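Here the structure is laid out as structure tokens; the discussion comes afterwards.
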Protein chains: 2
Amino acid sequence: MNQNKQQSTLEDNPVLGPLGPDIHDALLADAVQLSVPSGATLFRQGEEARFLRVVLSGRIALMARSEEDAETVVEFFHAGDLFIIPAVVLHLPYLMSARAVEDSQVLMIQAERFRSLMEQEHALSLAIANELSRHWRMLIRQIKDLKLRSAPQRLAAYLLSLAPDDAGQPASIELPEKRRMIARRLGMAPENLSRAFRQLSEYGVRSNGRQVQLTDIPSLQAFCAYDDLV
Amino acid sequence: MNQNKQQSTLEDNPVLGPLGPDIHDALLADAVQLSVPSGATLFRQGEEARFLRVVLSGRIALMARSEEDAETVVEFFHAGDLFIIPAVVLHLPYLMSARAVEDSQVLMIQAERFRSLMEQEHALSLAIANELSRHWRMLIRQIKDLKLRSAPQRLAAYLLSLAPDDAGQPASIELPEKRRMIARRLGMAPENLSRAFRQLSEYGVRSNGRQVQLTDIPSLQAFCAYDDLV
DNA sequence: GGGCAACCTTGACATGAGTCAACTTCGGAG
DNA sequence: CTCCGAAGTTGACTCATGTCAAGGTTGCCC
């Protein structure tokens with residue numbers, strides 16, 4: 001845990017970057033940059049939100065637990081993402097825990113400072129409203145996924161979301177997470193993810209470790225009802 | 001559909017009310033107030049977002065459809081709520097359709113005007129960031145619900161959310177929607193909602209039409225894992 | 001007040017998905 | 001290179017939930 005005030009930390013952030021060096025300096029005044037090893041927990045469900053987090057590198061999973069037994073991944077966040085904004089904005093406890101799924105660098109901005117800066121800086125509150133709007137739509141898609149699609153359809157939609165937008169061209173992609181984590185994000189047991197992959201071989205999905213080939217995008221899209229409009 | 005510029009429309013709105021009459025006037029300049037009969041559709045998934053909507057009275061359901069067959073309720077919105085803010089803010093098509101579930105009054109604010117007003121008025125962008133934060137947490141709760149709880153547990157949690165916060169006192173509540181709609185909101189078939197109600201009779205739930213008595217709140221809380229921290 | 005049409009409920013059944021246990025594969029450490 | 005543990009796969013089974021069909025209830029409109 002070491003102080004780090006270099007502007008470059010936020011300059012290329014897609015949300016905060018465009019706000020300019022003055023706001024960066026203010027945000028970083030007493031911010032802390034933290035190295036988080038894979039598997040480490042950043043905070044737990046129920047704790048008070050004392051920091052806004054920005055992923056500088058690596059990947060963070062937001063996990064929800066149901067009293068000891070079951071655990072699920074609500075969403076992954078990657079380099080450039082701000083996460084748990086709502087708990088910070090509303091001054092409320094976290095609804096989820098956060099865990100690094102690979103070695104990560106996380107910037108922690110004091111919640112109190114962030115809130116007062118939002119009060120002062122119009123541009124910052126606009127950027128946050130935009131970011132929250134994007135998050136909102138991510139969550140809506142997940143809810144639609146869970147309520148309207150079967151497990152294999154959810155996997156198909158997930159694979160399509162990883163593929164480039166090449167209008168139906170065959171694609172070769174690499175799974176960004178361990179299969180167990182992907183299963184939890186998609187709301188199924190790891191065993192069922194296996195079976196879903198096997199079922200999708202019928203639609204041109206070939207997988208070998210983390211490498212996955214999608215040889216027939218149109219049939220995959222048809223299978224999972226891909227009207228989902230990004 | 002008739003022009004309506006009286007300030008009183010927004011004065012008592014929990015989100016926009018505190019912003020003051022100047023902003024109200026600006027928002028209402030070319031806004032339209034619409035009477036929507038129960039069952040009518042306000043807009044459909046995929047359409048461009050041309051208006052921000054405010055529920056003045058009644059209730060609106062956001063519905064998602066999966067090619068003709070299945071349909072689900074993502075969320076209900078009530079008097080005072082702003083909805084589909086993200087589509088307006090990001091200038092993107094709706095991810096869902098909206099339908100009135102009872103006779104409603106809806107205020108429609110031009111999307112373009114709303115966006116430019118957010119650029120001008122710091123207080124408005126702050127209010128929107130706050131509202132989006134609340135929505136975000138609503139959606140997170142729903143995702144946790146769907147991924148971690150069984151159908152009867154989801155019903156139990158829903159009933160508890162309708163009860164006053166009287167620390168375990170027996171409560172008498174009224175279901176705000178038709179059972180079919182509640183079932184879709186909770187992610188189950190109407191038939192399963194019936195069975196879930198019967199199962200909850202073991203935990204002190206007595207229902208008669210829309211009237212529901214919760215006679216044993218603590219056991220209900222235990223049943224549905226009520227660590228959910230509001 | 002009668003009748004019709006939603007809506008809700010109930011039972012029987014089909015099926016998707018979770019669980020458990022065994023086996024296989026992969027990757028890292030020595 | 002080999003070993004070991006974690007991760008992934010597979011099959012058998014169970015259970016929850018959806019589906020279909022029938023019957024019952026409610027409430028509204030004439």
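Please read all numbers here as calculations on a predicted model, not as lab measurements. Here is how names work: the chains are called A, B, and so on, in the same order as the sequence lines, proteins then strands, and each is numbered from 1.
Heavy-atom nearest nucleotides on DNA chain C were determined for A:Asn208 and for A:Asn192, and the one closer to the 5' end corresponds to A:Asn192.
Between the side chain of B:Asn13 and the main chain of B:Leu16, a donor-acceptor pair closer than 3.5 Å is present.
With rounding to whole Å, A:Leu193 atom CG is found 12 Å from D:dA7 atom C1'. Whole-Å rounding puts the B:Phe197 CZ to C:dC8 C1' distance at 12 Å. Taking atom CZ of residue B:Arg179 and atom P of nucleotide D:dG27, one finds them 12 Å apart after rounding to whole Å. Between A:Gln199 atom CD and C:dG16 atom P the separation is 8 Å, expressed in whole Å. Rounded to an integer number of Å, the gap from B:Leu155 CG to D:dA16 C1' is 15 Å. For the pair B:Gln153 CD and D:dA16 P, the computed distance is 11 Å after rounding to whole Å. If you measure from atom CD of B:Glu102 to atom C1' of D:dG27, you get 17 Å, rounded to the nearest angstrom. In this structure, CE of B:Met188 is placed 16 Å from C1' of D:dC15, rounded to the nearest angstrom.
Checked against C:dT19, C:dT10, D:dT17, the side chain of A:Glu191 finds its nearest nucleotide in C:dT19. Of the candidates D:dA7, D:dT10, C:dA17, the closest approach to any side-chain atom of A:Ser194 belongs to D:dT10. In the set C:dA17, D:dT9, D:dG18, the nucleotide with an atom closest to the side chain of A:Pro152 is C:dA17. Listed nucleotides C:dT19, D:dG18, C:dC7 differ in distance to B:Arg180; the shortest reach to its side chain belongs to C:dC7. In the set D:dT19, C:dT19, C:dC8, the nucleotide with an atom closest to the side chain of B:Lys178 is C:dC8.
Using a 4.0 Å cut-off between charged side-chain N and carboxylate O, B:Arg179 and B:Glu191 make no salt bridge. B:Arg65 has a carboxylate O that lies under 4.0 Å from a charged side-chain N of B:Glu71, or vice versa, which qualifies the two as a salt bridge. A salt bridge does not link B:Lys178 to B:Glu102: none of the charged nitrogens lies less than 4.0 Å from a carboxylate oxygen. Under 4.0 Å is where a charged nitrogen must lie from a carboxylate oxygen, and between A:Arg185 and A:Glu75 at least one such pair does.
Taking side-chain N and O atoms only, A:Arg195 has no distance below 4.0 Å to OP1 or OP2 of D:dG11.
Within 4.0 Å (heavy atoms only), A:Arg198 reaches sugar-phosphate atoms of the nucleic acid but no base atom.
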